[in-house]
Protein chains: 2
Amino acid sequence: MSGAQNTQENPRRARGRPRGWDDKTEQNTIKSLDRAMEIFEYLSADQGKTLSQLASELSQSPATVYRVLITLEARGLVEFDPEEQRWYVGARAFVIGARFLRRTSLVDRARPILRALMERTGETANLGIEKGGMVLFLNQVETHESIRAFFPPGTLSDMHASGIGKALLAFMDEDRFGQWLKGRSLETFTAHTLVAPDALVQELRRTRARGYAIDAEEKNLGMRCIAAPVFDMYGEAVAGISVSGPATRMGWDVTERISRSVVDAARDLTRAVGGSNRHDAG
Amino acid sequence: MSGAQNTQENPRRARGRPRGWDDKTEQNTIKSLDRAMEIFEYLSADQGKTLSQLASELSQSPATVYRVLITLEARGLVEFDPEEQRWYVGARAFVIGARFLRRTSLVDRARPILRALMERTGETANLGIEKGGMVLFLNQVETHESIRAFFPPGTLSDMHASGIGKALLAFMDEDRFGQWLKGRSLETFTAHTLVAPDALVQELRRTRARGYAIDAEEKNLGMRCIAAPVFDMYGEAVAGISVSGPATRMGWDVTERISRSVVDAARDLTRAVGGSNRHDAG
DNA sequence: AAATGTATTTCGCAATATGAAAAATACAAG
DNA sequence: CTTGTATTTTTCATATTGCGAAATACATTT
């Protein structure tokens, strides 16, 4: 088979790796549990379905889906509305999911910085990380203005059409970027979305040069966004801070002022999590 | 009075109830799935455990726990740190859990109200509901002050020692309150916590009379909280809005001013979700 | 009243989850 | 470098148990 040069690219499990360890990773997974989680995920993506809808759309037996839902319901992970005969994500799932944020103290450390950034710029400040090739918004501090951008925490967004996403891509090493781009079709959201890989690469180069990313109505018309990367102790871009608002208030005249604040905030957070920016001169 | 028309106290499933339907509800649950979810919940409650820790603490076979974790990891519901050999809640769980908030538009409607409340009072404003005998914090808008209360969304808190909790209890019907109190031991958090049922009942009566609840350092020393209930279309208290801050800034002299704002905010939200307050005179 | 749509249960069988133990690995100490 | 110990990961035999099809029970609609 492939020359199993177990270079350190896959350090998955450190101990106990008997015999044939090539690439059959999902051999020991529990099938029924995986199917159950598939149902759970599917339900969460589009709530308010009835049992038979779920069963047919997942092409599974209604009995199976029913048992899974009943079991999850007993734990509060899903909820059932007897009136409408519909299934929803339960409060317990919210409680458990929210505990994800506890691990990385990133959010805790980011909050005061996001707050200060919002105060200084007057626009909504956001924190996001890369997860599975997408941007995951972790937290935000909203502006006082009545017209404002709003990404609920937990939102997933495409990287190529997001300020934070482009900030992360710009500071990614070639390998990972190639990996990300490979076989990916860049969806069009507005007329300004960068869908041609060449155009994206070029923009990322500029982004890298200036130190921050600009999303000029590339996801939503009328919305601008300025983002900068946050680095961990290994100098890898692990998160991004952005400021987003309506294009009417985020004109090119204020870009420089805002971008300076965003870059400063990202640098503060980098410092707060013990990171360092290897791209910094000096 | 409790639900009038629906005589059965357990209207769970509306349709399809063959034969022996007495009270053996959890007969059809999937055992292995339930055990897996137990592991998942247990891990989420105290992250950063190693495999053998989890196995021994749950008194299950390491092999089983391992397979469950591997399966959940494949879906991103849990994550594994190869360096430290420790398991954590995954980002996917956060994404799915956050979708719980999408169902109830409560949070969406509450945000502008919470924001206005924070602006008017200068203190952190919170939104919470009752879930399984506890208060579940859904959202908050933080104050600008550097010393402030902070309940991360997703936090569960005891009802008897929480402003929102007491506001909900005070406007609960006798039956449900009795149900809640029955066999429950009220934990002591500070010297001010109301742990004697009589004292709690008396305080709830006062709460009901004045229309808002006061948490005077009953959970955390130095923290005060004023809360008011939000009603749904049936006049049931389904949520609570509160303002919380350090006792130094929330003295008795400002209680009246703040409480008025909180009650107004709760009334606004009640109206925004199409609810009505049956306790209102006229 | 009949038809339709949906939820819930029963039942037998086969898939598969399980625990014990062995194998594989890492780490620490000698 | 070797040994010892702790922990993870796999193997394997077995019976537990999850699964689908069909039956059943409501509710709503025609």
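Given the structure is predicted, the values throughout are model-derived calculations rather than measurements. In what follows, every chain begins at residue 1, and chains take the letters A, B, ... in the order their sequences are listed.
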Within residues 126-135 of chain B or reaching into it, pairs that qualify as salt bridge (charged side-chain N to carboxylate O under 4.0 Å, His left out) - sequence neighbours excluded: Glu79(A)-Lys131(B), Glu130(B)-Arg176(B)
Test side chain to side chain contact (heavy atoms under 4.5 Å, CB included) applied to Ala63(B) - qualifying residues, sequence neighbours left out: Ser61(B), Arg67(B)
Side-chain heavy atoms of Phe94(A) within contact of Leu136(B), under 4.5 Å: yes
Which residues share a salt bridge (charged side-chain N to carboxylate O under 4.0 Å, His left out) with Arg111(A), sequence neighbours left out: Glu142(B)
Interface residues of residues 46-54 of chain B with DNA chain C (non-hydrogen, below 4.0 angstrom): none
Nearest-nucleotide comparison on DNA chain C, the residue closer to the 5′ end among Ala63(A) and Val65(B): Ala63(A)
Short side-chain to backbone donor-acceptor contact, Arg208(B) and Ala170(B), under 3.5 Å: yes
Integer-rounded Å distance: dT29(D) P and Gln85(A) CD: 13 Å
Salt bridge (charged side-chain N to carboxylate O under 4.0 Å, His left out) partners of residues 49-62 of chain A, not counting sequence neighbours, each pair once: Asp46(A)-Lys49(A), Lys49(A)-Glu57(A)
Whole-Å distance separating the CD atom of Gln60(B) from the P atom of dA20(C): 11 Å
Check: Glu41(B) side chain, Glu38(B) main-chain N or O, donor-acceptor pair, under 3.5 Å: no
Using the 3.5 Å cut-off, write out each protein N or O paired with an N or O of nucleotides 15-19 of chain D and the distance between them.
{"from": "dG18(D)", "atom 1": "OP1", "to": "Lys31(B)", "atom 2": "N", "distance (Å)": "3.4"}
{"from": "dG18(D)", "atom 1": "OP1", "to": "Ser32(B)", "atom 2": "N", "distance (Å)": "2.9"}
{"from": "dG18(D)", "atom 1": "OP2", "to": "Lys31(B)", "atom 2": "N", "distance (Å)": "3.3"}

Interatomic distance, Ile39(B) CD1 vs dA17(C) C1' [rounded to whole Å]: 12 Å
Rounded interatomic separation in angstrom, taking OH from Tyr66(B) and P from dA22(C): 19 Å
Side-chain donor/acceptor of Asp232(B) to backbone N/O of Glu236(B), under 3.5 Å: yes
For atom CG of Leu72(B) and atom P of dA17(C), their distance in whole Å: 13 Å
